[in-house]
Amino acid sequence: MKLLLIHADVFEYEVKEKALPHPEEVNEERKKLKVNDVLVVFTTVEKDDEDDIDYVIAEASKAIEEVYNKVSPSAILIYPYAHLSTELASPSKALEALRRLEDKVRERGYVVFRAPFGWYKAFTLRCKGHPLSELSRTIKVKERKIEVEKEEETAEKSEYRLIEPDGTEHHIVLERIDEYEVLDKYPLLKQFILCEELGKKPHRPPEHIRLMRKLELVDYEPASDIGHFRFYPKGELIKDLLEEYATQIAIKDIGAMKIGTPMLYKLDEPDIAEQAAKFRERDYRLKVGGREFVLRFAGDFGLFRMMKTTIMTYRQLPVRMYELAPSFRLEQSGECVGLRRLRAFTMPDIHCFCRDLKQGMEEYARLFKYYAKLADAMGIDYVVVFRVVKSFYEENKEWIKEMVKGVGKPALIELLPRMKHYWIVKHEFQFVDSVGGNAQLSTVQLDIEDSERYGIYYVDEHGEKRGCIIVHSSMGSIERWIYAMLEQAAKDIVKGRTPKLPTWLSPIQVRIIPVSSEYLKHAIDVADALEKHGFRADVDDREETVSAKIRSAETEWIPYVVVIGKKEISQGVLSVRIRGKGIVEMKLEELVKRLEEEVGDKPRLPLYTPKFLSLKPRFV
RNA sequence: GCCCCGGUAGCUCAGCCCGGUAGAGCGCCGCACUGGUAAUGCGGAGGUCCCGGGUUCAAAUCCCGGCCGGGGCUCCA
């Protein structure tokens, strides 16, 4: 319900013609009215209000009373006014709501008039023009819907199992997790259960917020919306490396085809509207040229549209599609915490279109395996959670156990009594951060409902159109991986160990420090040699002492620091300070070999900051 | 959305309780030092104390209102 409240010196209306086929009946005396010193309440009853009229009436009368007390008019006039909203309630419900609102306000002892409903009316209004003379209120039905959903969830409770890396299965009851000795072996999993499943949230801000700024990676941007971040050069480099690696896994390992689809969709397109409806108030909407659009909150929008007109035959399946694109979700303002949850983020999504359940399960296991590879490459320890429809689990237990064994980690299994969503099995790689909070990284979902509902088909052996099994998946947002990487490092700080980033993701992999400007040329030569091999090396050419330069390199978490002076030049060796380990003398080739081993097949990008430290601006 | 906290130099913050010329560290600039594995020394520049109103001889400081930000809670097909 929308209310526009105007405190008027005078308000006068006169009924003209019918605006609806069956307007409210009015006697002669209600056809014309003139009131002085009146609070005019232009009122629009909206579609959503029908869900809980009692609530809306109660809130609206409260709002009116509140304004009344502030401006003290001598009367109230409720005026039906359809033009405050685009989603109107049905006329009968609207009239009912207005009548009840009138009664409710009158009950409270005010002088109330109500203009007739369903008529075109002429009116004149003289607004008093004081600061409180023009106000608006919006009343939304919400609370009750949520309660209803919660009831449904608790109605049928899930059972839980724990599968150890060797395949041993345990029944567990979440509320009694302290009683299971087996869980003591897996503290991360236990913490995850406490936080995610039992709702015991941490009370401290996660460490990555401090680190992302300290390392000059990422920062808040107050000029944008909440949850939209700025990336400094080093952060942008990490983001690009991760995107590159995600793409590499998608294309080379998984064999997907990379596509691109629009960011913006028409809300009046039926399939878009249907998907958007599921998301309720979590999407970004904008109006352009009188048309309503929605920003993509997932990759499905454009992909499914594309697949609708794609001709696929049974010989081509599984068809795997990959997209790496920004998504936007209007998460609640209070829920956006650093990089843990954003309103704008970059999603690598893969969808596999399969012939049958068997092929779907094969694809599922492949995705599972390669998503684990990404986490391993980043040095991130994660928790595995499967959510499975019970009957499916009983029949395919071994298939799940094989995956669990493959990653060598225990898995929590939630058994759902029956199908609740479109998937029959899904898993999540969950991360537990330095303060005990958690976030989902990647997920794979096996959708066994026929793809026909999306209008997606393939042609079978007999030339017939058939729906397929869809495996939906996301490698997890790039920003969230950065969160996990920083939090993983923060856990080392807590344990008193030297925090590090994986070498392939370090914005500067090698820092060369000449002992004095005399050795600058040699330092540049070493940096150039490393650069030729595809590594990122810069030179600290500032007029500082060696100690000060070492300190800078350490605070930047640079994995290799090379000091070059007289000794190194005469002996032809490098003095290499390895982060967290100490100083080792080695030849340039040995350093290159180490870097090759550590970076391996991961992407290599050049420095995003100047080669000479003296030329680098300070961002934070 | 709700609750709590915050906004003072580029950054991190002190000063506010108890009103009286605006502070520190880091960073930045300059000078000296040609340096050996976590901070060389000295000097300098830099401020709409978030905005508006009120109280007062006088407001960064007290009061009221607002804006912005952060955290927590709720939520997360």
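Computed from a prediction, not measured in an experiment: that's the story for all the values here.
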Candidate list A:R230, A:K616, A:R618, test salt bridge (charged side-chain N to carboxylate O under 4.0 Å, His left out), partner A:E216, passing option: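 Testing A:E216 for a salt bridge (charged side-chain N to carboxylate O under 4.0 Å, His left out) against A:R230, A:K616, A:R618 leaves exactly one candidate, A:K616.
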Listed partners of [X] passing side chain to side chain contact (heavy atoms under 4.5 Å, CB included), at least two apart:
X	answer
A:E543	A:S517
A:Y160	A:S158, A:I172, A:L174, A:E197, A:L412, A:E414
A:I469	A:C354, A:L446, A:I448
A:E207	A:R210, A:S434, A:E487, A:A490

Qualifying residues under salt bridge (charged side-chain N to carboxylate O under 4.0 Å, His left out), relative to A:K214, sequence neighbours excluded: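 Per chain and number, A:K214 pairs via salt bridge (charged side-chain N to carboxylate O under 4.0 Å, His left out) with no residue.
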Phosphate-side-chain proximity, A:S517 and B:U34, N/O vs OP1/OP2 below 4.0 Å: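 Answer no for this pair, as no side-chain N or O of A:S517 is under 4.0 Å from OP1 or OP2.
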Phosphate contact (B:G71 OP1 or OP2) by A:Y220 side-chain N/O below 4.0 Å: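 Yes, such a contact exists.
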Quote, to the nearest angstrom, the [atom1] distance that separates [N] from [M].
N	M	atom1	answer
B:G47	B:U8	C1'	8 Å
B:G27	B:C42	P	14 Å
B:G19	B:C29	C1'	36 Å
B:C63	B:G69	C1'	24 Å
B:G20	B:A59	P	11 Å
B:U55	B:G72	P	41 Å
B:C62	B:C18	P	9 Å
B:A9	B:C3	P	29 Å

[N] [atom2] sits how many Å from [X] [atom1], rounded?
X	N	atom1	atom2	answer
A:R340	B:G72	CZ	C1'	11 Å
A:D219	B:G70	CG	C1'	12 Å
A:I209	B:G69	CD1	C1'	12 Å
A:E544	B:U40	CD	C1'	9 Å
A:R542	B:G35	CZ	P	18 Å
A:R230	B:G69	CZ	P	13 Å
A:I226	B:C67	CD1	C1'	13 Å
A:L330	B:G1	CG	C1'	12 Å

Run the side chain to side chain donor-acceptor pair (under 3.5 Å) test against [X] and tell me which residues pass, sequence neighbours left out.
X	answer
A:R296	A:T261, A:E323
A:T503	A:E598
A:K500	none

Nearest to the side chain of [X], which nucleotide is it out of [options]?
X	options	result
A:Y422	B:G70, B:G36, B:A77	B:A77
A:E543	B:A39, B:G35, B:G36	B:G35
A:V563	B:A39, B:U34, B:G36	B:G36
A:R329	B:A77, B:U40, B:G35	B:A77

5' priority, RNA chain B, between A:R480 and A:S516 [closest heavy atom]: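 First, find each residue's nearest nucleotide; the 5'-ward one identifies A:S516.
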Side-chain donor-acceptor pair present, A:Y382, A:S442, cut-off under 3.5 Å: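 Per modelled atom types, A:Y382 and A:S442 side chains form no pair under 3.5 Å.
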Flag for A:Y560-A:R594: side-chain donor and acceptor within less than 3.5 Å: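 There is such a pair between these side chains.
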Identified pairing partner of [N], criterion: Watson-Crick or G-U wobble below 3.5 Å:
N	result
B:C2	B:G72
B:U37	none
B:U61	none
B:G25	B:C11
B:C18	none

Ring centres under 6.0 angstrom apart (A:Y284, A:F297):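 For A:Y284 and A:F297, the ring centres are not under 6.0 Å apart.
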Polar side-chain atom of A:Q430 near backbone of A:Q440 as donor-acceptor pair, under 3.5 Å: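 Yes: the side chain of A:Q430 pairs with the backbone of A:Q440.
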Polar atoms only, N or O, under 3.5 Å: list the protein pairs with nucleotides 41-46 of chain B and their distances.
none

A:H208: ring pair (Phe, Tyr, Trp, His ring centres under 6.0 Å) partners, not counting sequence neighbours: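 Counting only residues at least two positions away or on another chain, A:H208 forms a ring pair (Phe, Tyr, Trp, His ring centres under 6.0 Å) with A:Y483.
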Short N/O separations, protein against nucleotides 9-14 of chain B, under 3.5 angstrom:
from, atom 1, to, atom 2, distance (Å)
B:U12, OP1, A:R213, NH1, 3.2

Residues from residues 468-476 of chain A lying under 4.0 Å of RNA chain B - heavy atoms: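 Result for residues 468-476 of chain A: none.
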